[in-house]
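Just so it is clear, the structure is predicted and the values come from calculations on it, not from any experiment.
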Amino acid sequence: MARSKRELQEINAGSMADIAFLLLVFFLVTTTMDSSWGLSRKLPPPILENQPPPPPIKDRNVFTVLANANDQLLVEGELMEISELRAAAKEFIANPQKKEDLPQFKEVDVELLGPTMVSKQVISLQNDNGTSYNLYIQVQNELEAAYNELRDELAMEKFGVKYSVLEDIAQHSDLPSESEPAKAKVKAIRKVYPQRISEAEPKETGQ
Amino acid sequence: MSKFKKDGNKNTPAVSTASLPDIVFMLLFFFMVTTVMREVDLKIKLNQPEATEIEKLEDRSLVDYIYIGEPQNTSLYGTLPKIQLDDDFASVEDIQDYVFQKRSDRPEAVHGAIIISLKVDEETKMGIVTDVKQELRKAQSLKISYSTREKVDKNSF
């Protein structure tokens, strides 16, 4: 059985492009490029019926932000533009001059940093049913920015790195030798500037 | 000059299309890798607000979405903002059921890590958003994320 040395015929690849195009169009149509970015928050647990009321907080330790139905802001009793909120919140949280009407301090032993004066700040946010979602997000964003800037400054001063960089390393580094110290640093910074934003139950006014 | 004279009856060679599949495959792989199947058909107008201090939701399999906004078909549904869960409009009372149902689809170990992403139109009033948040609290689903677009920070340049 002598097999003839016929050359193997090549498979016609002309339709390959068509098949690929078909798949390509399918993925083009079903794809959405939006990635899930957002402001992460934690809601307080629901209030139980016979829960004791929380201990009162001194007035000087609370930074009240009110947003009304006309999208105006009342911060600590004064009308304020959204662009000024960040600076005001920063001054309140850090209280650099140790003013009498800004939050008190408590000495806390923070790991890595030693005994540190931590302010007893709380930010109270109250919005109206008629407040627009956009303003609400802007307020949340500015308050978060205030915390992040202060944390950045502290991290820069103590560790020579920005807080946001530390956070990134702590979350994404695969090497435990890198992520573990970063986590400890993030924890320490968070202890000095804990994010305390409390949202009051909304008032039904100005409908 | 005859040196440059063209040969009259010589056809121009066809452009080779042999590399076309390769190009298309390259595009195809790009889209296959980046693609995320669309979660739902949006029935509301969704124009999300902008923010700078945002974080990425890392694990999509642990994220559920609640959409709030003005219906697209205003002649049928009116202009008041509505809540959309999965593919249908829903009322505030349905949210707890939705959360419980989504929770039961997942293993119990990850129940605490589920994040509810609120995709809310920026024109919406806070009233309905607050109602939704109260329902989420009652359902013990406390991790939320306000979905936003990324704003380019002018100060960073």
Side-chain angles (χ1 to χ4, degrees), chain A residues 13-47 67 69 71 86 127-138 140-149 164 167 171-172 199 201-202 204 207, chain B residues 17-18 20-25 27-28 30-32 34-39 48-58 60 63 65 68 81 115-131 133-134 136-151:
Chain A
S15 54
M16 187 80 102
D18 300 356
I19 298 165
F21 262 119
L22 206 81
L23 282 166
L24 176 63
V25 169
F26 169 74
F27 278 102
L28 264 171
V29 170
T30 54
T31 199
T32 38
M33 285 291 180
D34 74 331
S35 48
S36 301
W37 292 85
L39 295 165
S40 295
R41 283 282 173 281
K42 205 155 188 226
L43 295 172
I47 302 162
D71 283 0
R86 190 184 301 196
N127 53 269
D128 189 275
N129 271 356
T131 312
S132 80
Y133 182 69
N134 188 29
L135 181 83
Y136 176 76
I137 289 296
Q138 296 315 316
Q140 291 272 7
N141 188 46
E142 291 303 309
L143 295 179
E144 175 115 22
Y147 278 110
N148 283 345
E149 282 182 15
S164 45
E167 223 178 14
Q171 275 175 14
H172 298 294
E199 284 182 55
E201 309 285 316
E204 288 204 45
Q207 286 289 313
Chain B
T17 55
L20 188 63
D22 301 353
I23 297 165
V24 174
F25 266 116
L27 279 169
L28 176 64
F30 171 73
F31 278 101
M32 276 177 75
T34 57
T35 200
V36 182
M37 293 291 165
R38 195 171 288 167
E39 298 108 20
Q48 293 175 357
E50 291 179 337
T52 51
E53 311 296 315
I54 52 181
E55 291 163 41
K56 191 166 194 194
L57 296 179
E58 296 288 347
R60 271 169 185 277
V63 181
Y65 300 89
I68 307 172
I115 298 171
I116 305 284
S117 175
L118 295 174
K119 297 198 168 214
V120 185
D121 186 85
E122 60 180 8
E123 305 272 301
T124 316
K125 300 291 180 206
M126 275 311 287
I128 189 165
V129 182
T130 310
D131 292 345
K133 274 161 64 185
Q134 294 297 341
L136 289 177
R137 280 176 69 183
K138 281 184 211 155
Q140 290 285 354
S141 184
L142 303 177
K143 278 185 154 182
I144 61 166
S145 162
Y146 301 107
S147 182
T148 55
R149 285 179 290 143
E150 192 173 9
K151 179 153 70 180

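- For the pair A:Pro46 and B:Gln140, the minimum side-chain heavy-atom distance is below 4.5 Å.
- The CG atom of B:Leu20 sits 5.0 Å away from atom CZ of A:Phe21, with the distance rounded to the nearest 0.5 Å.
- How far OG1 of B:Thr148 is from CD of A:Gln140: 11.0 Å, rounded to the nearest 0.5 Å.
- A:Leu43 meets the side chain to side chain contact (heavy atoms under 4.5 Å, CB included) test with B:Lys133, B:Leu136, B:Arg137, B:Leu142, B:Ile144; sequence neighbours excluded.
- Between B:Ser145 and A:Gly38, the closest heavy-atom pair is OG-CA, 3.7 Å.
- Annotation: the span from B:Leu28 atom CG to A:Phe26 atom CZ amounts to 10.5 Å, rounded to 0.5 Å.
- Residue B:Phe30 holds its CZ atom at 11.0 Å from CG of A:Leu24, rounded to the nearest 0.5 Å.
- Contact annotation for B:Val120: both backbone and side-chain heavy atoms come within less than 4.5 Å of a heavy atom of chain A.
- Taking CE of B:Met126 as the reference point, atom CG of A:Asn134 lies at 11.5 Å (rounded to 0.5 Å).
- Only the side chain of A:Tyr136 comes within contact range of chain B, with heavy atoms under 4.5 Å apart.
- Under the salt bridge (Lys or Arg N to Asp or Glu O under 4.0 Å) criterion, B:Glu123 pairs with no residue at all, not counting sequence neighbours.
- Side-chain contact between B:Phe31 and A:Leu28 is present, with heavy atoms from C-beta onward closer than 4.5 Å.
- Heavy atoms closer than 4.5 Å to chain B are found in the side chain of A:Gln138, but not in its backbone.
- Closest non-hydrogen pair, B:Leu118 versus A:Tyr133, comes out as O-OH, 4.0 Å.
- Distance check, rounded to the nearest 0.5 Å: CG of A:Leu23 to CE of B:Met32 gives 7.5 Å.
- Using a 4.5 Å cut-off between heavy atoms, B:Asp131 does not touch chain A at all.
- Contacts between A:Ile137 and chain B at a heavy-atom distance below 4.5 Å involve the side chain alone, from C-beta outward.
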